[in-house]
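Here the structure comes first, spelled out in structure tokens, and everything after it is commentary.
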Amino acid sequence: MKHYLSKIFDEAKKKLEYLNEIEISFSIPNNPEHGDLSTNAAMLLTRKLKKNPREIAREIIDNLAFDSDILESVSIAGPGFINFKFTQKFLSKIITEVNREKENFGRSDKYKGKKAIVEFVSANPTGPLTVGHGRNAVVGDTIANLLEAIGYDVDREYYFNNAGRQMRVLGESVRLRYLELLGETVDFPEEYYQGEYIIDIARKIVDEKGDSLKKVEDVTYFKDVAENEIFEDIKSTLKRLKIKMKSFFNEFSLYEEGKIEEVLKIFKDKGMSYEKDGAVWLKLTELGNENDKVIVKSTGEPTYRLPDIAYHTTKFERGYDLIVDLFGSDHSATYPDVLAGLKFLGYDTSKIKVLIHQFVTIMENGEVVKMSTRKANFVTLDELIDEVGSDVVRYFFIMRNMSSHLNFDLSLAKKQSDENPVFYLQYAHARIASILRMTAGEGLERSMENLDLLTTDSELNLMRKLSHFKDELLYASENYEPHRVANYLEELASLFHKFYTDCRIIGSEKNLAEARIALAVAVQQAIRNGLKLLGVEAPDKM
RNA sequence: GCCCACGUAGCUCAGUGGAUAGAGCAUCGGUUUCCUAAACCGCAGGUCGCAGGUUCGAUUCCUGCCGUGGGUACCA
């Protein structure tokens, strides 16, 4: 629809020069009585032309050469909107379009040939994924799906660090629990990992090695076992959510390949770093940031900034056109340093899109459940999936704008009742499947021959909604706002349920019934395609 | 203190500078001889945190204030 309007406006620009001076956009009016699409072009020109916007609108309309088979009416309304109402004939074409494109309906090739990398989850293997990681995992995977839907070739990457202090503490935590299981009295420090899973890992070591490691003080073995166990657990959780990473990038490889040294040397050679108090500092103030920051500690160990910068240089070297990083808001302070460093090294940081999602608050029985990996009192993502299933988990994490705090009501989610919006969507899909089973039994078949019989408001509104699917997906993808897809699908499902109530199929005249089946099938396809992008099942029966 | 988000109906939240600010849940009422009532329809519910500013027009953009969360480490 927008495509057609852009076309006739381009024609009009030849006659009305002033149309070139503004950006003409079309939006969907809130009130359906205002037509299918509308533009505020005339209002934007009031100042420039010093004329009444309604007069300008009149002039624009007089210069629009439109086909009356496509546009039913073009009218001026309110302060100077131009409203466009499309014909039934044009609207119903969407049904044949869906039928033609099937599982590709909604997708586009706008970014075909471009390569993108989406880095997400990136939790270090120190414990099971928590509900907090869940939001990151689901949002990241869905964004990757959306980028693929608009043509990108997308790689999903998980970045992690299995060296450093965190992991030493992990190894030591396991060792102490191991000694405990062997009957020794140990003093287990509060800052160590308190979770039950540490004891499970220690028990496994006891089972396999008995007390042979009792005298071993080096934590390497304990650390390695813990890392493997935990990583297997993380991977299985991701798998349950249907998340498949292309690669797991280990920070350690940056040291092995000399990337860290390389970057450090450049900073040093170009006078961008200096030593103070035994540490190496990066002159971030010279790059426009607030404070200089340490990149190598006095212990000789780099802070996360240096490997992060080195890591990102590999993303550039790997030739990506778009580099998406998804972090929780607790990382919001780290990326400006990394970007500044990369910019200094000469990389085009406009290719990097840093996305920050806000925290998840878990509510249970009206109370906030506090989460911390180190302390024991967290809800794991796995437990959550056990309770409500992968579909509900994915949908709950995606249905809100990532910039808003997410209130996850555990008691409600556990209910698995009809209060849950994901069932509403799935039910619409299942209901159509059921209709198709029933109508087939009646000898009715989908037909594209008489789509002009679809003239009631419920039918027209459904066709309008379907017509917007592609634009909605493109907008959601380009703006990294996956929750819009969920919102759109809920609206589509709602319109379908209304159609179901208003327009019967079995019992209607044959041509009408078969045209309605065609509409229902198109809706089902759109819902299925949308749910697929969200990673949610589209069941045929519920 | 400073930096980044957020603040919309009782609750959870949509809302692409536009027209009468919407949905779900919760409350109350209605709809089934008929393709799944996991649905549909209706009632009620709002100083869009507060105060300024820009604009023909601001929930939307800017500034200040208040509130919530996060950050401000030689933790990540």
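Hydrogens, waters and symmetry mates play no part in the numbers below; they use all other heavy atoms, side chains included. In the text below, chain A, chain B and the rest are named by the order of the sequence lines, each starting its count at 1. No experiment lies behind these values; they were computed from the predicted model shown.
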Sugar-phosphate only, base, or nothing, as touched by A:Lys541 at under 4.0 Å among non-hydrogen atoms: base
B:rC40 pyrimidine/purine six-ring stacking with A:Tyr500, under 5.5 Å and 30°: no
A:Trp281 side chain, from C-beta outward: closest of B:rC40, B:rA19, B:rC74: B:rC74
Residues in ring-ring contact (aromatic ring centres under 6.0 Å, His included) contact with A:Phe397, at least two apart in sequence or another chain: A:Phe408
Is_stacked (A:Phe81, B:rA19) at 5.5 Å, 30 deg: yes
Polar atoms only, N or O, under 3.5 Å: list the protein pairs with nucleotides 12-15 of chain B and their distances.
residue, atom, partner, partner atom, Å
B:rU12, O2', A:Arg400, NH2, 3.1
B:rC13, OP1, A:His405, O, 3.1
B:rC13, OP1, A:Asn407, N, 2.9
B:rC13, O2', A:Arg400, NH1, 2.6
B:rA14, OP1, A:Asn401, N, 2.8
B:rA14, O2', A:Asn487, OD1, 3.0
B:rG15, OP1, A:His483, NE2, 2.9

Geometric class of the A:Phe86/A:Tyr4 ring pair [parallel <30°, tilted 30-60°, perpendicular >60°]: perpendicular
Check ion pair A:Lys315-A:Glu119 (N to O, under 4.0 angstrom): yes
Strand partner of B:rU72, provided both Watson-Crick or wobble distances fall under 3.5 Å: B:rG1
C1'-based separation of B:rU31 from B:rC13 [nearest Å]: 28 Å
Partner nucleotide, any strand, of B:rA39 [Watson-Crick/G-U, under 3.5 Å]: B:rU31
Sugar-phosphate only, base, or nothing, as touched by A:Asn83 at under 4.0 Å among non-hydrogen atoms: base
RNA chain B-proximal residues of residues 508-525 of chain A, any heavy atom under 4.0 Å: none
Sugar-phosphate only, base, or nothing, as touched by A:Ala428 at under 4.0 Å among non-hydrogen atoms: nothing
Distance below 4.0 Å between A:Arg47 side-chain N/O and B:rC56 OP1 or OP2: yes
First encountered from the 5' end of RNA chain B, between A:Leu436 and A:Ser122: A:Leu436
cation_pi(A:Arg431, A:Tyr500) dist<6.0 Å, angle<=45: yes
Watson-Crick or G-U wobble mate for B:rG24, both contacts under 3.5 Å: B:rC11
Salt bridge flag under 4.0 Å for residues A:Arg504 and A:Glu442: no
Touch class at under 4.0 angstrom, heavy-atom based, for A:Gln426 against every strand present: nothing
Counter-base of B:rU59, judged by Watson-Crick or G-U geometry with both distances under 3.5 Å: none
Complement of B:rU47, any strand, by Watson-Crick or G-U distances under 3.5 angstrom: none
Sugar-phosphate, base or nothing in reach of A:His34, heavy atoms under 4.0 Å: base
Plane angle bin for A:Phe9 and A:Phe84 - parallel if under 30°, tilted between 30 and 60°, otherwise perpendicular: perpendicular
Centroid separation A:Tyr335 to A:Phe327 less than 6.0 Å: no
